[in-house]
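Worksheet for the structure shown next.
The sequence lines fix the lettering, A, B, ..., with proteins before strands; numbering per chain opens at 1. The figures here come from the full heavy-atom set of this structure, side chains too, leaving out hydrogens, waters and symmetry mates.
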There are 2 protein chains.
Amino acid sequence: MFNIVEKDLRERIKEVAVEHFNSNGYHGTTIRNIARDVNCSLPMIYYYYNNKKELFDEIIKKEYFDLLKRQAALLRTNNIIDFYTKFVYDLNSLSNYDKKVYRLGIKVYLSFDGDEELMEIMDEWEKTILPRHYQILKPYLKNADNDLAIVRTLVHLLETLIESIVVKNRFLSEEEIREEISIVLHGCE
Amino acid sequence: MFNIVEKDLRERIKEVAVEHFNSNGYHGTTIRNIARDVNCSLPMIYYYYNNKKELFDEIIKKEYFDLLKRQAALLRTNNIIDFYTKFVYDLNSLSNYDKKVYRLGIKVYLSFDGDEELMEIMDEWEKTILPRHYQILKPYLKNADNDLAIVRTLVHLLETLIESIVVKNRFLSEEEIREEISIVLHGCE
DNA sequence: TGATAATCCTAACGAACGTTAAATAAGGAG
DNA sequence: CTCCTTATTTAACGTTCGTTAGGATTATCA
């Protein structure tokens, strides 16, 4: 009746699971510990999720990819360097939950967790990355010979910056982000 | 007596352990499976290593950091772009064992495995990275205002390239490596 | 050869795991 | 009030885990 203050149990389970999978990996996470932190009984987790793997998969397939798409949708601006700087800088203020989902996704992306099925989904997504950034950068690129290399380098740099913020949980200032992106995109303004 | 063909059992255990920790993570790896693949009895692993964690720690503390130091020692040349290109390119031909040790180390570095003690060792090493590359790049840097940013960007790019080769197990051609490094180090020749 | 130390094995321990059966509680519909 | 669905619990199943006790085998060398 007055269950407004308390989130849906199913959702709370998922949130705690993100925390645990993040800190202890798939095999290091136990349903019992999740239940303890959620403050519910152990079988309740089986009431909402068929098994451990299904819980993990839902986090990656829904939460992580939703997050990626939300991030990708942000991408519009006039100045290309401002644009990418803001894109990375805003990751600093991602919610803790989103950061952990992101981190977990990167873990699967690097084959540090998850299984082959999830990896295939990751590969599919990865194929879209370079073309997408190429489209964004196209109007700003000048000489045709190393255009693709610039896009590749930028994507590589973005990867490390994202990793720093999301995985290593560091704060990167707008200035240092801008400096590095400017070095790769020098001449593109 | 004629044990020449067969490697030291202790060493073989470690090699198989690298394989398992790599594929399944710390918690996903079982002593029993290691023993099976080594073709020895289960308690033999406890004969050479006090417990599972000690086995894992030895791989990171000895094998991984030995590898990092071996790699860092390679760094001398005339042309700075050639130099870094070769540095990355040569990772392609690392032995499978070394690649797996490297991968495992990165996993710990990103806090995806291991514990806090190992993380501290990682942090110590990390502090040496920027100064070391700054020393190497110093003679080639020109204007003082964004010198440090160039070093940082290069180190970040190197990180992703290393991850591509070692973690994602991709082959990167010398040309694409050179292109990306040249973009970051444009003007430094 | 025979003692001593280094290797190696079979067998088992207790604990923790993923998962499920079965019962109970709560809440609205008729 | 009864019935039925949904939500939740206690208790346990079988399995696998890390680890160890205790004995067997093999090498070393006086």
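Side-chain contact between B:Arg103 and A:Ser111: present, with at least one pair of heavy atoms (C-beta onward) separated by less than 4.5 Å.
In this structure, A:Arg32 atom CZ and C:dC17 atom C1' are separated by 6 Å, rounded to whole Å. Note: CZ (A:Arg10) to P (D:dT8) measures 13 Å, nearest angstrom. Atom CD1 of A:Ile31 is separated from atom P of D:dT16 by 17 Å (rounded to the nearest Å). Rounded to an integer number of Å, the gap from B:Leu55 CG to D:dT19 P is 10 Å. The interatomic distance linking B:Glu54 (CD) with D:dT19 (P) rounds to 10 Å, in whole Å. Atom CZ in A:Phe56 sits about 19 Å away from atom C1' in C:dT19, given to the nearest Å. Here the P atom of nucleotide D:dT16 and the CD1 atom of B:Ile34 are 17 Å apart, to the nearest Å. As rounded to whole Å, 12 Å separates atom C1' of D:dT20 from atom CG of B:Asn50.
Comparing A:Pro43 and A:Tyr47, the nucleotide of DNA chain D nearest to each residue sits closer to the 5' end for A:Tyr47. Residues B:Lys53 and A:Tyr48 each lie close to DNA chain D; by heavy-atom proximity, the contact nearer the 5' end of the strand is made by A:Tyr48.
For A:Met44, counting side-chain heavy atoms from C-beta on, the closest listed nucleotide (C:dC9, D:dA7, D:dG18) is D:dA7.
Considering only side-chain N and O atoms, B:Thr30 lies under 4.0 angstrom from the phosphate OP1 or OP2 of D:dC17. Remark: A:Tyr46 is in phosphate contact with C:dT19, judged by side-chain N or O atoms under 4.0 Å from OP1 or OP2.
In summary, B:Arg170 and A:Glu126 engage in a salt bridge, as defined by a charged side-chain N under 4.0 Å from a carboxylate O.
With values rounded to the nearest 0.5 angstrom, B:Ile45 atom CD1 is found 5.0 Å from B:Ile13 atom CD1.
Proximity of a side-chain donor or acceptor of A:Lys52 to a complementary backbone N or O of A:Thr29 within less than 3.5 Å is detected.
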